[in-house]
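Computed from heavy atoms alone, side chains included, the values below leave out hydrogens, waters and symmetry copies. Numbered from 1 within each chain, the chains take letters A, B, ... in sequence-line order.
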Amino acid sequence: MSAAGPIVAAPVAISDWGFLFYRIRKSPLTVLGILMILTVLVFVAFAPWLATHDPNAISLRARLAPPSGAHWFGTDEVGRDLYSRVVFGGRLSVGVGFFVVVIAGGVGAVVGCLSGILGGRVDTVLMRIMDVVLSVPSLVVTMALAAALGPSLFNAMLAMAIVRIPFYVRLARGQALVIREMPYVKGAYIFGASNWQVLRWHVARNAMPPLIVQATLDLGGAILMASALSFIGLGAQQPTAEWGAMVSTGRNFILDQWWYSAFPGFAILFTATGFNLLGDGVRDLLDPRQKGR
Amino acid sequence: MTHSPLLVLDGVSVRFPVGMDWLGRPIAHVHALNGVDIAVEAGEVLGVVGESGCGKSTLANVLTRLVKPTAGSLAWTVGARQRLQIVFQDPQSSLDPRLPVWRIITEPVFLREHRTVADLKRLAGDLAEQVGLRREQIGRYPHEFSGGQRQRIAIARALSAQPDVIVLDEPTSALDVSVQAQILNLLADLRRARGLTYILISHNISVVRHFCDRIAVMYLGQIVELGPAADVLARPAHPYTRLLLDAVPEIGRSLDAGLAIADTELPSNRRLPAGCFFRDRCPFVVDGCERPQSLAPFAGLTADNHLARCHRAADLVEDIV
């Protein structure tokens, strides 16, 4: 591979599944990350069957009950089963994470690649806009946006996605700048491709690996941020079960009923850690320069 | 061979601005092509030779419409688009690593018209067989092929749009010597079968000698000599052609036996020399070289279409014979 090539995956990773599994097996942390994410995804997918109670069923006689055989994670201040709420809350938290990353990554990839391909004034203007967004701390911007749009989970997601776009734009643009100079792109223009076709057939495909790594690493962060927004009351609203919101309410009872905040908090920790481990593993797999480490 | 021009370049010049002053005006220009006149004839193999920086690549870019001439024109005799395709030097980087081979081969087709996947695969399979690959291989990715096979894929891609002219930009210089001959033979077979016209850009004189009908020698963005391959190589009329041919190592001749000018450098193309562009490096300089030279026939030649951009061409040819 030429020295100035973009950071592309060793194409081996696509065609040779056996070799891929071999390399994953060699990295125990990646395996751990995959197992953690699979666990989370199983709970998300089969929440109605894995939950023991209706997450919103109120039972005032069993208020703030400690963990027991009937309520594995205990109950909250209106007697709702915390285990069931954590299971259903996962749907929301993980869903928000995916939504944010897919929107930010998708928009960022297209804008970044276009910016890199077109160059010139379009590129300059786009990059300066991104610099402005980047220059303000992202949590502050998210809070401001979410507060301005009104406190709801959807607005929080939108705000989080907007704040994350610049990272993907920069990454995609850097890749596009390198790929643009490859002879196969020059060839595509000779064969009659438009800028859009070059983006679709060549630049997007080859710019993908680092974007996927970034997205995987970002999932954990997005889930954390969604929880943080819910914690300060700008995300999911009562009575919706959501991890951050549960930690937030549980905070009032933290001295006497530790389980209220602890279990949703642990769920956040578990999921974010899993995605980070997976992201690190994917990065090592896709980066040929890391080979043999 | 028919002598009907297919593509006529008339005074094609290309210059690129370098640097900008504070008003956005270019400070200087790089003069990449300085008036190229040539008529490409149907069915011929035209070799374009010259050292690095002489404008060969810019000429390829003009032919493939990547670069617009600053002056002059490029005209097809029977107008139609998409009649010219290209095969690049490095088959490693000219094939997208993330596309399957059938997509690569049919790229000139599916970019322009809507075709079903089955249709494209059938076309790719047919072309793969014509360039000596197996039909089953079209589902694979470029990294699964050797350099020679990749160049075959690149040739199949050039063929898919049914071009009249294929620009071959040093098609064999990135390949093993053993594979070079195979690719050249394939190109020769395809030319016979399909009546193709090739423009071969190369600095490998032996490839040009065996493959080309005509040769254009380029120097500083101009054609300095143009003629039948055998004539130009055996009886070079322009001093630069002699310099170029002397630079080719030959068995039985010492390396320093060539013209004594071999160590001089190509002058800058920012400020073009007045008069003959080769004057500063030429060992045969006389009065009259300070005037611009034109590409013209000269006395004492054996082929009537042998032209040189040198007023002493007739003397120099005799000097050799």
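Proximity to chain B among residues 192-204 of chain A is limited to A:Gly192, A:Ala193, A:Gln197, A:Trp201, A:His202, judged by heavy-atom separations below 4.5 angstrom.
B:Gln89 and B:Ser173 share a side-chain donor-acceptor pair at under 3.5 Å.
Side-chain atoms of A:Arg205 do not come within 3.5 Å of backbone N or O of B:Leu99 as any donor-acceptor pair. Under a 3.5 Å cut-off, the side chain of B:Glu107 and the backbone N or O of B:Ile104 do not form any donor-acceptor pair. With hydrogens and angles ignored, the 3.5 Å screen pairs a side-chain donor or acceptor of B:Gln180 with a backbone N or O of B:Thr172.
Proximity to chain A is limited to the side chain of B:Arg103, based on heavy atoms less than 4.5 angstrom apart. In this structure, chain A has no heavy atom under 4.5 Å from any part of B:Asp90. For a residue to count as touching a neighbouring chain, one of its non-hydrogen atoms must lie under 4.5 Å from one of that chain's; by this rule B:Leu66 touches chain A with the side chain only.
With sequence neighbours excluded, no residue forms a side chain to side chain contact (heavy atoms under 4.5 Å, CB included) with A:Val102.
The existence of a salt bridge linking A:Asp218 and A:Arg164 is confirmed by a sub-4.0 Å separation between a basic side-chain nitrogen and an acidic carboxylate oxygen.
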Test log, rule side-chain contact (heavy atoms from CB on, under 4.5 Å), inputs B:Leu33 and B:Met218: CA-CA 10 Å; B:Leu33 289 182; B:Met218 287 190 69; 3.7 Å; yes
